[in-house]
Amino acid sequence: MAGSSVSGGGGGRPPLFATEKPKRVLAYRLYAGTIFAGILLIWFYRATHIPARGSSSLGWRAGLGLLVAELWFGLYWVLTLSVRWNPVRRATFKDRLSERYDDDQLPGVDIFVCTADPALEPPMLVISTVLSVMAYDYPPEKLNIYLSDDAGSAVTFYALHEASEFAKHWIPFCKNYKVEPRSPAAYFAKGATPHDACSPQEFLRMKELYKDLTDRMNSVVHSGKIPEVPECNHRGFSEWNETITSGDHPSVVQILIDRNKRKAVDVDGNALPKLVYMAREKRPQEQHHFKAGSLNALIRVSSVISNSLVILNVDCDMYSNNSESIRDALCFFLDEEQGQDIGFVQYPQNFDNVVHNDSYGNPINVVNELDNPCLDGWGGMCYYGTGCFHRRETLSGQIYSKDYKEDWARGVGIAENADELEETSKSLVTCTYEHNTPWGIEKGVRYGCPLEDVITGLQIQCHGWRSVYYNPARKGFLGKAPTSLGQILVQHKRWSEGFLQMSLSNYSPFLLGHGKIKLGLQMGYSVCGFWALNSFPTFYYVIIPSLCFLSGVSVFPEWSGGMHKGCGS
Ligand SMILES: O=c1ccn([C@@H]2O[C@H](COP(=O)(O)OP(=O)(O)O[C@H]3O[C@H](CO)[C@@H](O)[C@H](O)[C@H]3O)[C@@H](O)[C@H]2O)c(=O)[nH]1
Ligand SMILES: [Mn+2]
């Protein structure tokens, strides 16, 4: 890495991560200075060229409107610039992490995968994501995977059961042959050929197993009939009956892979990660708070089943593309000097289904490559709801204090009987459990805004925690971007509305963050926060000059070798 570097570490130990300011910042600041000079000239021109009121009513109104629009664009640009002033890049040293911590000293990690609709999010997609996170390069006895199914679908449950069987072959295959990515759907879809280290027979055997799984799942999805699986049917499906619908059912929690007992080892005899299915109770008359509600339910269920110190959450359509992401994230949390106040580590959202010049703007490259490193520079990358590692404490509403020091070796060995754990867990995810509690207000993921993730992240930062953005060369997570104009409009409307609602409410970064987070970061949030408002001046700018042109009214300077002719002249 080039550029000036600030490092973590502690007690004379080399740091586990480095922070660097890119070299080209100075050039960028000079360039920004020239743009600002241009903006000032535009403002000056407009202010001095608004036609007199009497001359032409259209010219006067248009000129005034353009002045307001240009003032807004200029101020919004200043907002953007103030954020882009200060980018940083991060690098991790996983080799040092391995030298310093044996596998049994590493903290447990709970991974939450959320799904809500088996028609929009097919079970094969969901279990490929689950398998990709089960196969992380991390001690399996420290890994606990939770699937929240907001549809309470028996087909998704069956798929997860199938995944727990397939994992016994898939995980050793990935680890023995260092396969990437570890989502079987993504791995086989990219036309994978036998890896160097893997014999063609081994590769074909795995491919055949995966095809069997896919065929089986497809026939279940099409027929809606779930085959008899003695072990699974025995208790697993006893929860489902004809009265269950996706919006009206009791809570279901089932531990599908339990290290203490059921199906605990893979074909090589190694431990498997714990695997838990959860469908929180749903009743038509009770609010369920969408994904925020399911994440809070997962936080509670996992606290009795595994209670790991680190939590990763991913959307079901966002698989792990890099088997080392957990170790990368731990380099931040476990750094003795600079890691204590890091509350969460957010990865960028990248997609594997977009082409280079995607007309819907899905790759969000400007955000990933420029804006996010800059938010990080102000100590406050946003929480974007997927691909994010949290300390459990931050989600329980804990406030950071200078004396806080995590004991990562703190054992969490919960060895209770799985049946008892399931019963306790079910009682934590009933509809009424959260009534008159701080859940969704001061604790867990916040309710009441379409951008539950962003406001949760902001509150965590206001509690004194920092956050970090990590964007490694091999992307940590790859998702599916919306593929139709309808879907993208719904998504962008939700984001822009959500950000605006947040900026105009008590969650405004300027109100909530006042005196708690840096001004640069408050402005950073506002770039997205006021993004929706850009639509008004943009719309004005697109319509009015064209109308003026048709009416023969000039609102821009005319070129005549000088700048003296202008508006209304
Ligand atoms: O009632 C619900 C609704 C959604 N989800 C899950 O939430 C995730 C995200 O929902 P999606 O409809 O795919 O929204 P996106 O617009 O793709 O989500 C992006 O934007 C959201 C709002 O910022 C974030 O929460 C997401 O993590 C981020 O990927 C998916 O896994 C869903 O299965 C639930 O679990 N329960
Ligand atoms: Mn999505």
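Start at 1 and go down the list; that is how both ligands and their atoms are numbered.
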* Run the numbers for me: atoms of ligand 1, each under 4.0 Å from some heavy atom of T386, listed by number. => 27 (O), 29 (O)
* Using 30° and 60° as the class limits, which term best fits the ring planes of Y277 and F157: parallel, tilted or perpendicular? -> perpendicular
* To do: Looking only at protein heavy atoms, identify the closest one to atom 21 (C) of ligand 1 and say how far it is in Å.
  => R494 NH2, 3.3 Å
* Asked: Between S294 and ligand 1, which part of the residue brings a heavy atom under 4.0 Å of the ligand: side chain, backbone, both or neither?
  -> side chain
* Structure fact -> Of D248, D150, T245, the one forming a side chain to side chain contact (heavy atoms under 4.5 Å, CB included) with K282 is D150
* Asked: T115 heavy atoms, cut-off 4.0 Å: which ligand 1 atoms fall inside?
  -> 33 (O), 35 (O)
* Y384 contact mode with ligand 1 (heavy-atom cut-off under 4.0 Å) -> backbone
* To do: Check each heavy atom of K291 against ligand 1 and say whether those closer than 4.0 Å belong to the side chain, the backbone, both or neither.
  => both
* Looking only at heavy atoms, is any part of D315 under 4.0 Å from ligand 1, and if so is it the side chain, the backbone, or both, or is it neither? -> both
* How about Y470 and D376: do any of their side-chain heavy atoms sit closer than 4.5 Å? -> no
* Structure fact -> If we number the atoms of ligand 1 from 1 as shown, the ones under 4.0 Å from a heavy atom of C316 are 31 (O)
* Heavy atoms from other residues, nucleotides or ligands near CD of Q487 exceed 12 (cutoff 6.0 Å) -> yes
* Asked: So do Y319 and S128 actually touch side chain to side chain, heavy atoms under 4.5 Å?
  -> no
* Asked: Taking the six-membered ring for Trp, are the ring centroids of H288 and F290 within less than 6.0 Å of each other?
  -> yes
* To do: Name the closest protein heavy atom to atom 20 (O) of ligand 1, giving the residue it belongs to and the distance to 0.1 Å.
  => W495 NE1, 3.2 Å
* Can you check whether I441 reaches Y447 side chain to side chain, under 4.5 Å on heavy atoms? -> no
* To do: Just jot down the ligand 1 atoms closer than 4.0 angstrom to any heavy atom of Q491, in number order.
  => 15 (P), 16 (O), 17 (O)
* Proximity of L451 to ligand 1 by residue part, where a heavy atom lies under 4.0 Å -> side chain
* Asked: Using heavy atoms and a threshold below 4.0 Å, how should the contact between E121 and ligand 1 be classified: side chain, backbone, both, or neither?
  -> side chain
* **Heavy-atom protein neighbour under 4.0 angstrom from atom 10 (O) of ligand 1** => no
* Asked: Could you go step by step and tell me if M124 and I127 meet the side chain to side chain contact (heavy atoms under 4.5 Å, CB included) rule?
  -> CA-CA 5 Å; M124 274 312 284; I127 62 171; 3.8 Å; yes
* Do me a favour and list the nearest non-hydrogen protein atom to atom 1 (O) of ligand 1 with residue, atom name and distance? => F290 CA, 3.2 Å
* Nearest heavy-atom pair of L79 and V527: which atoms, and what distance? -> O-CG2, 3.9 Å
* **Nearest non-hydrogen protein atom, atom 31 (O) of ligand 1** => C114 O, 2.8 Å
* Asked: So, for Y400 and H463, is the gap between ring centers shorter than 6.0 Å?
  -> no
* Structure fact -> Of A297, A481, A116, the residue with the heavy atom nearest atom 3 (C) of ligand 1 is A116
* side chain to side chain contact (heavy atoms under 4.5 Å, CB included) partner of M381, chosen from N372, V345, D371 -> N372
* Give the residue, atom name and distance (to 0.1 Å) of the protein heavy atom nearest atom 23 (O) of ligand 1. => D453 OD2, 2.8 Å
* **Partner of C114 by side chain to side chain contact (heavy atoms under 4.5 Å, CB included), out of L298, D149, V126, N313** => L298
* Just jot down the ligand 1 atoms closer than 4.0 angstrom to any heavy atom of G385, in number order. => 27 (O)
* Asked: Do any heavy atoms of H289 fall under 4.0 Å from ligand 1?
  -> no
* Asked: Numbering the atoms of ligand 1 from 1, which are under 4.0 Å from a heavy atom of D150?
  -> 1 (O), 2 (C), 34 (C), 35 (O), 36 (N)
